[in-house]
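One structure below.
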Number of protein chains: 2
Amino acid sequence: MARTDPGEQSRRRRERILDAAFHAFSTRGYRDTAVDDIAGAAETSKGGVYFHFPTKDAIFRELMSTTADKLVAKVERAVALETEPVARAEAALKAVLGTFAGHRTMARLLFLDTVGAGRVFQQETNNLHDRFSRLIQGYLDDAVTAAAIPPLDTRITSIAWFGALNELVARWLLADQPGPLEDAYPALRAVLLRSAGVPETRIGAVPDPAAGSLFPEQPR
Amino acid sequence: MARTDPGEQSRRRRERILDAAFHAFSTRGYRDTAVDDIAGAAETSKGGVYFHFPTKDAIFRELMSTTADKLVAKVERAVALETEPVARAEAALKAVLGTFAGHRTMARLLFLDTVGAGRVFQQETNNLHDRFSRLIQGYLDDAVTAAAIPPLDTRITSIAWFGALNELVARWLLADQPGPLEDAYPALRAVLLRSAGVPETRIGAVPDPAAGSLFPEQPR
DNA sequence: ACGAACCGACCGACCGGTCAGTCGGTTCGC
DNA sequence: GCGAACCGACTGACCGGTCGGTCGGTTCGT
């Protein structure tokens, strides 16, 4: 056996291409990223890229799904630490915001870039959104079962939750000089919990979160 | 005087191009629509298109802004008919859902297509979202002032509202065989009003809306 | 009343550039 | 010396924007 097992070098190169593509896609978007750009950033050539991947799409798809996997795993790990339904929801929310706050690029890829692609990818995006909103729906259903919240339309509510989260992250990504994403947590938490009918006493907390430092007012 | 005043013909042609572009952009997306496609659909030529518009961008921008104008105007008209803050919010929500329900293409252009464009348009989208969420924020602020809802972070809440609405419409647009969009109104209304702290008594209404006909469960 | 001059609207061939994907050839590890 | 890994010139398709030119109508000079 060699010091580096066969294909190890190759695997590493493949990873470098993936990393380069991730960075390129999440900063310039899918369509504005040329395969040559990826090759250059990965210090290889176009031919090298096409040795490891059949098409440009394939690279994108792989990135999307593995990135989503990582995020879902992170959320599930955080949720598993709690038992009480509302606390689980809070943990999930915190995990997502925390992850995005630390990895802006990940957020870009999952929530903005997706969109810069074409017809084909709308399906991909759709699946991603569906996946997340069903994850949320599951937690909401549990909460209803546990009588932590009143019975409600968990489908619509989960879509609303995901949409709210998505929009918040998107605005943070596009803001000129965004504050820390976590600053939005208390307010978002309150909004979402209230929307699901969590009793006001359980929400508690102050309504005023130092008045919107996340999106500082900017004069027109 | 001629029967048709001069320029009238020209104006009509310009309108045809705009219509064709609207349809093309909202079905195939910005990048997948060639100027030749627009010209063809408008029964003119590429040169004809470029006589009326300086660039492809310009067509898109004009469509975006006039479409948004129409929607905002419709909302404001609906809102003006009510005086009580919560009723105003309900009217706005109903107006938006109703409009989209009747004009899927409009929804596509404003909420999905936007996104199929490039770097430049992200700014455009950003402005659009900002415009709508500030519209919402205004109503929320009024409601707080009128003490119809407790004081809360209206910025975050308005973003959440817009995001929820946006996501719901997007899912409806992308669903294989969507039910009527209005079916989601009761549930969405309840979720949003609750999220803003509207008292449960004011929301009233049944929690069960014939169990999600909007997104019928489909087997994998 | 009539042709010359003019003009706005429109046409479509063409240019310049981009880019995904291909392929014949080279290098390197074993 | 053999095959996996890699290189980069090249192909073919696409597309936004340009431009010389056409044509039906209106105006003007006489």
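So you know, we letter chains A, B, ... as the sequences are listed, proteins then strands, and number each from 1. Remember, predicted model here, so these are calculated numbers, not experimental data.
For the pair A:Arg14 CZ and D:dA4 P, the interatomic distance rounds to 17 Å; values are reported in whole Å. In this structure, A:Phe51 atom CZ and D:dG8 atom P are separated by 16 Å, rounded to whole Å. Taking atom CZ of residue B:Arg12 and atom P of nucleotide C:dC10, one finds them 12 Å apart after rounding to whole Å.
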Readout for nucleotides 11-22 of chain C: B = base within 4.0 Å of protein heavy atom, S = sugar-phosphate only, - = neither; 5' to 3' it is BB-------BBB

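For A:Phe51, the side chain to side chain contact (heavy atoms under 4.5 Å, CB included) criterion is met by no residue, not counting sequence neighbours. Applying the salt bridge (Lys or Arg N to Asp or Glu O under 4.0 Å) criterion to B:Asp36, with sequence neighbours excluded, gives B:Lys46. Partners of B:Thr66 according to the side chain to side chain contact (heavy atoms under 4.5 Å, CB included) rule, which considers only residues two or more places apart in sequence or in another chain, are B:Glu62. Take B:Arg131 and apply the salt bridge (Lys or Arg N to Asp or Glu O under 4.0 Å) test, not counting sequence neighbours, and it matches B:Asp69.
Residue pairs meeting the salt bridge (Lys or Arg N to Asp or Glu O under 4.0 Å) criterion with at least one member in residues 89-105 of chain A, sequence neighbours excluded: A:Glu90-A:Arg189, A:Glu90-A:Arg202.
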